[in-house]
Amino acid sequence: MTNDRWYRHAGADRWSVPRAAFDEALERSVGKAFAGRTPAPAERDRYLQSLHLEDLALACACALGQPEAWDHFVAEYRPVLYRAADAIDASGRAREAADALYGELYGLKERAGIRQPLFHYFHGRSSLATWLRSLVAQRYVDVIRGGRRTDSLPDELPVPGEEAPPDPDRPRFAAAMRGALATAIAALAPRDRLRLGCYYAEQMTLAAIGRITGEHEATVSRQLARTRRAIRDEVERRLRDDHRFSDAEIAGCFASMAGDAGAIDLSEWLPAGERKNSGVNRSLNRK
Amino acid sequence: VTDDRNRDRQLEQALTRELRRAEMVEPGGECLDAETLAAWMDGGLGRDAVTLMEAHAAGCPRCRAMIATFASAASPDVPAAESRPRLWRWWLAPIAAATAATVLWVIVPSTDRPSSPSPERAAEVASLRDQPPAVAPEPSRALEKVPAAPPGGKVGAQDAAANTQKASRGSREEAAASIASSPNEALEAARQRADAPGDQRARLERSAADAQRDAAAAPPPTADAAAFRRAFATAGVIVAAPDSPVRWRATSGGIERSPDAGGTWERVADAGGGVVLAGFAPSRDVCWMVGRAGLVLLTTDGRTFTRLPFPESLDLVLATATGPRVASVTAADGRVFETVDAGLTWRRR
């Protein structure tokens, strides 16, 4: 099966991409998607047909350093990069990550005298714009996490039960509660755990989670409520059966996780501006 | 009922703490790379692959954070620059498109845009790129393309010759879409945009708005970005003041100012005997221009440009500033220098 059809379909001649270079890009994409397995011709065709071939051709041309392709890329995608960066972090830190991408995209760093353009890692399985957003997100997260590794301890969340407790039972309750909770979470289906993490740990909106999981936000809300109920039942069961706690002690276990300062203000834990709507009541239990 | 709700709230607080605190479940498989995440989000992964990704991300705080960050970047309800003032109206689109193209040209110089009419200028720029000088177009053919180096500037003589040939094939339309180098040409380009089909015009308008927004908010570049821009640096400079129709441009005859977005130009200064390669205007009265051999020019009244001392005879290819006192300039070798006292002293960053 010749790749001419895909070359034409991609409009790769617009950027004067050599056929061999485009073929290589297709093979890299196939290799990534099928993880080294050789797909059947029909399967391969179906896969190639699903690709964003025009974007792949542009990436290919940019990787080769075609000036006209770069011109087009800068004009069309620089705003995409910057909008994504501003949406991630309006203070400009994400823009730094976006700016730093240009050099990598072209491949200013060489290995064995050969440029290593980041464009080689674009396989056409998404649009170029989505890939760029994803790159900015990745770099930003790595920068933030790298920064946190060198931050002092106060950024860490307080561990319930480890602070000096007024109630001598609290550390015991907290440890039991944490253990039961971890077991209950580990027993969840991956998608349930993902929804839970995105909602509670990452403070994502229901709509945003729905875009990830391909569900309507009402479905996400319903599923989260179901998962939370299942976790609660499992935690209570474990506390009762494994630890032989009474109802009062189980209540103490739940209370121990709430800390001793009353309601927890999540905004204290989150860097300013890092998450949206952090002040909003995110309880699924609200009526 | 109250106890029941209290317990639910306590559980939610516990979930938030514990899920944020650490990995609660050992994530299997490899961490998401940007390409895989993008493919996932665009529906480019098979069902099995999605299941694997979900299983990993569910237990991996780093990947979950990446997903959340991506979601905020891709969120349709968070337009990045919505909080910034819109500088134009739809009926200004054709003119703004032309002028914004010039702004884009200054911030990220284009390889396709035409050269300055001056042959000396083309030679200057070619030598800056360590290339054989390009064949400068005749003044009357100012819209033709100038040969351009691929990013990185590592171009052999053969490539440069090929570029030169390619440049001679450049169409006027493409060049006009890239930039207009005179007021009449700018207006002509604007007219062409106004005649464009609806969707094409919308795209041009969007690009223009983005370019203007970017010009107003672009941060000082990183070394990589500077290298990238340096690679694309070509002749000619037009600087746009933010929130204002004031423009400055450097020509072979000196520095000119336009009070009406390029409609008319008035010569206000000479270039101090140097070649201007870039500029930046943080306001309608303040404009920094930089160029070859450590050229730094500053105006604080929009008209009178003063040449400022610069410690090294470097080719300066980029300037950014926040006002008349604080500015940073990037040299052709990627080094960045800052001043906080209106150019009296410079410190390497």
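All values below come from the heavy atoms of this structure, side chains included, with hydrogens, waters and symmetry mates left out. Quantities reported herein were computed from a predicted structural model and do not represent experimental measurements. By convention in this document, chain letters (A, B, ...) are assigned in the order of the sequence lines, proteins followed by strands, and residues within each chain are numbered from 1.
When heavy atoms are compared at a cutoff of 4.5 Å, B:T51 does not approach chain A at all. Neither the backbone nor the side chain of A:A98 comes within contact range of chain B, judged by heavy atoms closer than 4.5 Å. Heavy atoms closer than 4.5 Å to chain B are found nowhere in A:R139, neither backbone nor side chain. Only the side chain of B:L45 comes within less than 4.5 Å of a heavy atom in chain A; its backbone stays farther off. There is no contact between A:L105 and chain B, counting heavy-atom distances below 4.5 Å. Contact annotation for B:M41: only side-chain heavy atoms (C-beta onward) come within less than 4.5 Å of a heavy atom of chain A. Contacts of A:L51 with chain B are absent, with no heavy-atom separation under 4.5 Å from either backbone or side chain.
A distance of 11.0 Å separates CG of B:D8 from CD1 of A:I231, quoted to the nearest 0.5 Å. Taking OH from A:Y121 and OG1 from B:T36, the interatomic distance works out to 12.5 Å, rounded to the nearest 0.5 Å. Here the CZ atom belonging to A:R228 is positioned 5.0 Å from the CD atom belonging to B:E12, to the nearest 0.5 angstrom. Note that CD of B:E35 and CH2 of A:W131 are 8.5 Å apart. Values are rounded to the nearest 0.5 Å.
Remark: A:H52 engages A:D55, A:S127, B:D42 in a side chain to side chain contact (heavy atoms under 4.5 Å, CB included) (not counting sequence neighbours).
When all heavy atoms are compared, the tightest approach of B:A71 to A:A208 is CB-CB, 4.2 Å. Among all heavy-atom pairs drawn from A:A87 and B:A73, the shortest one is CB-CA, 4.1 Å. B:A58 approaches A:L194 most closely through the heavy-atom pair CB-N, 3.7 Å. When every heavy atom of B:A34 is checked against every heavy atom of A:S134, the shortest pair comes out as O-OG, 2.7 Å. Here the closest heavy-atom approach between residue A:P190 and residue B:A55 is recorded as CB-CA, 3.6 Å.
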task: Check the pair B:R7 / A:V235 against side chain to side chain contact (heavy atoms under 4.5 Å, CB included), numbers first and verdict last.
output: CA-CA 12 Å; B:R7 189 168 288 188; A:V235 166; over 6 Å; no
- request: Take B:D4 and A:R232, measure what side chain to side chain contact (heavy atoms under 4.5 Å, CB included) needs, and give me the verdict at the end.
  value: CA-CA 11 Å; B:D4 192 55; A:R232 180 177 153 180; 2.6 Å; yes
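Panel note: side chain B:T69, backbone A:A137; no donor-acceptor pair is recorded below 3.5 Å.
Between A:L181 and B:R17, every side-chain heavy-atom pair lies at or beyond the 4.5 Å cut-off. Under the 4.5 Å side-chain criterion, counting only non-hydrogen atoms from C-beta, B:E54 is not in contact with A:I212. By the 4.5 Å heavy-atom criterion applied to side chains, B:L32 and A:Q138 are not counted as neighbours. You'll find the side chain of B:M66 stays beyond 4.5 Å of the side chain of A:D142, heavy atoms only. Contact check for A:V141 versus B:F70: no side-chain heavy atoms found under the 4.5 Å cut-off. Counting heavy atoms from C-beta on, the side chains of B:R64 and A:C198 come closer than 4.5 Å. Looking at heavy atoms from C-beta onward, B:L19 lies in side-chain contact with A:I185 at the 4.5 angstrom threshold.
Surrounding OH of A:Y77 are more than 12 heavy atoms belonging to other residues, nucleotides or ligands, all under 6.0 Å away.
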